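Letters go in sequence order (proteins before strands), and every chain restarts at 1. These figures come from a predicted structure and were not determined experimentally.
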Amino acid sequence: MVPRDMSERKNPYPFDVFEPKWQHVWDEEKTFKVHNPGEAGFDAAKPKCYILDMFPYPSGAGLHVGHPEGYTATDIVSRYKRMRGFNVLHPMGWDSFGLPAEQYAIKTGQHPSITTYANIDNFRRQLKMLGFSYDWDREIATTDPHYVRWTQWIFLRLYHSYYNTELKKARPVKELEDKGWSREEIDAVRLAYVADGMVNWSPDMGTVLANEEAEEWKSKGFTVERRKLRQWMLRITAYAERLIDDLDNLDWPESIKLLQRNWIGKSTGAEVNFDCNGKTITVYTTRPDTLFGATYMVLSPEHELVPQITTPEQEQAVKAYQAECAAKSDLERTDLAKEKTGVFTGAYATNPVNGKQIPIWIADYVLTGYGTGAIMAVPAHDSRDYDFAVKFELPIIQVVQPDDPATPWKDFCGYDGTMVNSEHFNGLPVPEAKAKMISWLEEKHYGHGKVNYKLRDWLFSRQRYWGEPFPIVWGEDGHHYAIPESELPLLQPEMEDFKPSGDPRGPLVKAKEWIHYSDKATRETNTMPQWAGSCWYYLRYIDPKNDNAFVGADAEKYWMAGNQKPGGVDLYVGGTEHAVLHLLYARFWHKVLYDYGLVSTPEPFNKLVNQGLILGEDGQKMSKSRGNVVNPDDIVRDYGADAIRLYEMFMGPLKEVKPWATKGVEGISRFLARVWRIAMVENQEGEWVLGGKVSDADEKTVTPARKELHKTIKKVTEDIEDMSFNTAISKMMECTNAMTQAESVSVVDYATLLQLLNPFAPHITEELYSILRGAFPQLGACQLSALPWPAYNPEYLVENTREIVIQVNGKLRDKLTVPVDITKEDLEAQALAAPRVKEFTEGKTVRKVIVVPGRLVNVVAN
RNA sequence: GCCGGCUUGGCGGAAUUGGUAGACGCGCUCGACUCAAAAUCGAGUUCGAAAGAGUGUGGGUUCGAGUCCCACAGCCGGUACCA
């Protein structure tokens with residue numbers, strides 16, 4: 001047994017007794033249950049507020065202290081909003097598909113669902129131990145067959161859809177069938193489609209990996225290789241424009257919006273056709289204005305025209321270079337990014353603007369997958385082309401003169417410049433030249449304006465057991481077919497051996513019976529990535545038990561659309577690690593559903609807040625290997641749930657990265673004990689009983705403590721709205737100190753403080769309030785959580801006098817206490833008469849006096 | 001390299017958005033209570049003996065700058081030849 005170092009210490013207040021007690025009450029009474037429109041108990045008069053946490057992956061390690069950070073923040077806002085008269089939807093669930101459970105199953109032979117559900121039980125216990133006000137009746141797990149059914153249903157919706165570029169929305173492929181499109185033509189435009197592509201394949205794990213996963217597993221010693229495999233893709237690129245444009249209206253951190261914009265990577269430019277012995281080579285450029293500076297052309301080594309244009313003399317060199325590139329992985333390519341390589345093809349292309357012949361090279365700095373896989377090189381005004389040109393001694397022609405004379409033209413890539421050496425474009429500013437060149441190209445049919453995105457389609461299949469199987473079968477004709485909705489959910493077969501099959505079709509190929517769909521069709525053996533479940537879970541919370549739809553229309557309209565402007569989830573809190581992928585994928589799925597009118601808002605999450613990482617006590621990232629991981633179970637055992645909640649909110653601003661300090665939890669625990677002891681005293685037997693300090697006398701006098709209380713109501717209200725929880729707590733500390741110092745405290749005032757503190761520390765405040773209710777019948781019969789949020793009385797905030805700062809030449813020299821309604825003239829006169837002011841203006845001339853009413857007087861003298 | 005963020009006492013962090021820098025908490029010091037300790041309560045705590053200095057560094061705007069502008073440095077995160 002690990003010795004408890006706190007075992008000798010008596011708890012400063014009996015949290016170990018009343019925290020479980022109140023958690024039990026909330027559970028039994030379903031205190032935080034919220035109803036949908038149409039259900040008994042639904043109050044249509046109240047506005048809605050949907051407050052969402054990023055649901056956790058229930059790992060075997062249990063909660064870490066990062067979870068309660070975001071979860072406490074949303075819990076405070078949820079409890080506050082309920083008191084302000086909102087119907088609050090505040091749910092929790094589990095992102096329960098995932099690799100660790102599968103890896104464990106491979107090792108032990110135990111079905112992954114066993115560990116998954118055991119882990120969920122542990123997570124649920126821990127979250128309940130922290131007193132979060134979730135509506136547990138809405139709990140969901142992405143691994144639940146009822147949930148899997150609808151994940152697959154949405155997938156089929158994607159499968160049956162194409163993107164109509166005129167309407168700019170998803171439409172059923174049925175429309176195309178009706179127009180007589182062929183099977184192949186339709187398959188080529190589906191939002192969910194099959195393609196052969198280069199993917200990261202790990203033979204050790206027997207699965208493909210996303211690019212961002214590949215590096216991580218490689219560093220853990222797994223082998224990852226590039227392999228051309230048939231994979232399911234989702235056509236997220238069709239939505240690139242909408243995904244970028246709709247960011248504008250979202251109440252998200254600008255930094256996250258920027259991250260998404262960069263990820264989608266929109267660029268505007270032109271496609272330009274170059275002639276090469278009658279063959280047309282199309283390049284993409286963002287700088288058509290620099291066409292006169294194009295001195296050579298580069299194709300990617302994999303470009304389809306390379307074999308056709310290469311001259312016999314260069315054939316050997318070109319083939320050798322292509323082989324060299326094919327052997328390189330993506331990682332190796334980027335590692336060697338600094339040093340440019342390439343080979344001349346022997347061919348020349350004609351520059352359409354001036355008819356000049358320019359050499360065509362191949363080089364791996366031109367990527368196959370972006371633009372047209374071919375570029376015109378303008379070494380004077382592109383650093384990559386510049387490096388290449390220098391290395392291979394290709395000509396460099398200036399076509400832009402920087403506006404700033406101090407900037408050299410060589411390698412100048414900016415837009416602040418004027419065209420030179422460009423015939424009739426000379427003298428034009430760059431942006432104008434760019435526009436003019438595009439019109440010229442279009443007029444002469446040499447090219448056209450073009451927008452490109454970095455975003456690639458989403459590799460959606462995995463070769464795993466513990467994921468949603470695709471609801472797809474393959475026919476004898478080699479085509480894929482959707483299974484009927486009535487066959488959903490399609491669950492994984494029962495298997496005993498979860499080991500990778502070594503077959504790139506994944507472990508499910510081993511389930512022979514399951515694969516056999518009919519005599520004419522076999523099942524798809526791939527499964528969906530973990531992202532699938534998290535793409536729409538916020539919609540399922542709205543109507544978690546609906547068997548007829550993934551979400552009921554009325555409930556969806558109420559909780560998502562509501563009465564606010566852009567609509568969607570009102571507050572979504574989680575870590576930055578999901579800034580791009582999860583938040584982009586979920587937005588994409590949501591937009592597809594929106595196109596069909598299945599959801600009523602174009603965006604899922606109206607307001608997003610990222611909580612900052614909590615570092616270990618040593619200021620390093622928490623990790624098992626560093627031994628600096630803090631376990632919430634230990635903190636709750638030693639200090640209680642209210643203390644850890646309050647501490648995590650007091651550490652600093654929610655959004656900042658901040659280090660853990662257990663000493664700080666002690667400080668918070670002392671604060672809560674002081675709140676406790678305002679009302680409670682220990683009797684001879686060592687039991688806590690109500691003391692005499694809190695009384696029902698004196699409801700009217702303006703005492704310092706009462707003044708402080710009303711300032712605190714104002715501050716805490718504003719700070720919760722701002723999510724500035726740390727300053728709200730420090731204000732409540734000041735108020736508590738004022739009450740501690742007071743001779744006696746009115747029970748109404750004390751109860752008001754408890755109410756302000758209730759969203760932060762719900763257990764101790766409910767406990768104290770229930771004890772007070774026993775002695776003061778005027779407090780009524782309900783829990784604090786059922787009371788309306790208190791309002792401050794402005795009369796208590798009015799001050800008669802005010803301290804004014806007196807400065808001489810901007811330096812603090814004196815302070816005056818004056819009536820608040822003093823005139824400017826009087827204040828100035830008093831300031832000038834102040835002895836300290838006289839001392840510092842002695843022998844000087846007063847040049848100017850600045851009077852800021854209610855704040856300061858600055859005397860300027862020299 | 002490019003893009004973003006951060007930098008305030010011994011420590012975590014406040015600062016009405018251009019107006020008393022250091023709220024609140026931790027830590028530390030002293031005192032009360034105690035045989036003693038813990039707990040609790042009270043006082044003090046930016047540096048400096050003082051004049052004075054002081055919000056990463058250097059400049060600027062202003063009566064007045066942690067806050068606005070310019071340049072630079074350090075740390076953290078994202079991204080990686082996207083033409």
**Q.** Residue list, ring-ring contact (aromatic ring centres under 6.0 Å, His included) with A:Y796, at least two apart or on another chain
**A.** A:H710
Any N/O pairs under 3.5 Å between the protein and nucleotides 40-42 of chain B? List them or say none.
unit_1: B:U40; atom_1: O3'; unit_2: A:R677; atom_2: NH2; d: 2.8
unit_1: B:C41; atom_1: OP1; unit_2: A:R677; atom_2: NH2; d: 2.9

Q | Euclidean distance for P, B:G4 against B:G13 (whole angstrom) | A | 24 Å
(Q) Going by side-chain hydrogen bond (donor to acceptor under 3.5 Å, both in side chains), name the residues that satisfy it together with A:E743, two or more places apart in sequence or in a different chain. (A) none
**Q.** Residues forming a salt bridge (charged side-chain N to carboxylate O under 4.0 Å, His left out) with A:E241, sequence neighbours excluded
**A.** A:K168
Q) Where along residues 801-810 of chain A does a heavy atom come under 4.0 Å from RNA chain B, residue by residue in number order? A) A:E803, A:V805, A:Q807
Q) If you check every side-chain atom of A:I850, which of B:C63, B:C81, B:U79 has the closest atom? A) B:C63
Q. Tell me: CD of A:E577 to P of B:G4, nearest whole Å?
A. 22 Å
Q: Can you tell me, in whole Å, how much space there is between the C1' of B:G22 and that of B:G27?
A: 16 Å
Q) Excluding sequence neighbours, so at least two apart, what forms ring-ring contact (aromatic ring centres under 6.0 Å, His included) with A:H303? A) none
Side-chain donor-acceptor pairs under 3.5 Å in residues 373-383 of chain A, sequence neighbours left out?
unit_1: A:H381; atom_1: ND1; unit_2: A:F412; atom_2: O; d: 3.0
unit_1: A:H381; atom_1: NE2; unit_2: A:V399; atom_2: N; d: 3.0
unit_1: A:H381; atom_1: NE2; unit_2: A:V400; atom_2: N; d: 3.0
unit_1: A:D382; atom_1: OD1; unit_2: A:R384; atom_2: N; d: 2.9
unit_1: A:D382; atom_1: OD1; unit_2: A:R384; atom_2: NE; d: 3.1
unit_1: A:D382; atom_1: OD1; unit_2: A:D385; atom_2: N; d: 3.1
unit_1: A:D382; atom_1: OD2; unit_2: A:R384; atom_2: NH2; d: 2.5

Q) Does A:L856 or A:S255 map to a spot on RNA chain B nearer the 5' end, using the closest nucleotide for each? A) A:S255
Q.
Using the side-chain heavy atoms of A:K848, tell me which of these nucleotides is nearest: B:G27, B:C63, B:A83.
A. B:C63
**Q.** Rounded P spacing from B:U17 to B:G48 in Å
**A.** 34 Å
Q. Given B:C3, B:A83, B:U16, which nucleotide is nearest the side-chain atoms of A:R855?
A. B:U16
Q: Write down the distance separating the P atoms in B:C2 and B:C68, rounded off to the nearest Å.
A: 24 Å
Q: With sequence neighbours excluded, tell me which residues meet ring-ring contact (aromatic ring centres under 6.0 Å, His included) with A:F671.
A: none
**Q.** All ring-ring contact (aromatic ring centres under 6.0 Å, His included) counterparts of A:F392, not counting sequence neighbours
**A.** A:W361, A:F388
**Q.** C1'-based separation of B:U55 from B:U46 [nearest Å]
**A.** 11 Å
Filtered N/O pairs between nucleotides 10-14 of chain B and protein, under 3.5 Å:
unit_1: B:G12; atom_1: O2'; unit_2: A:M651; atom_2: O; d: 2.7
unit_1: B:A14; atom_1: OP1; unit_2: A:N726; atom_2: ND2; d: 2.9

(Q) The side chain of A:S267 is closest to which nucleotide in this list: B:A83, B:U16, B:U20? (A) B:A83
Q) Is the shortest side-chain N/O distance from A:Y365 to OP1 or OP2 of B:A83 below 4.0 Å? A) no
Q | Span that lies between the C1' atom of B:C75 and that of B:G56, in whole angstrom | A | 10 Å
Q) Mind pulling the stems RNA chain B is in, i.e. runs of at least three Watson-Crick or G-U pairs, everything under 3.5 Å? A) B:1-7 with B:73-79, B:10-12 with B:24-26, B:27-32 with B:40-45, B:56-60 with B:68-72
Q. Expressed in whole Å, how much space separates the P atoms belonging to B:A80 and B:C3?
A. 16 Å
(Q) Once side chain to side chain contact (heavy atoms under 4.5 Å, CB included) is applied, do any residues pair with A:T845, and if so which ones, sequence neighbours excluded? (A) A:R847
**Q.** Euclidean distance for P, B:C26 against B:A71 (whole angstrom)
**A.** 43 Å
Q) Picking from B:C24, B:G19, B:G52, which would you name as closest to the side chain of A:F840? A) B:G52
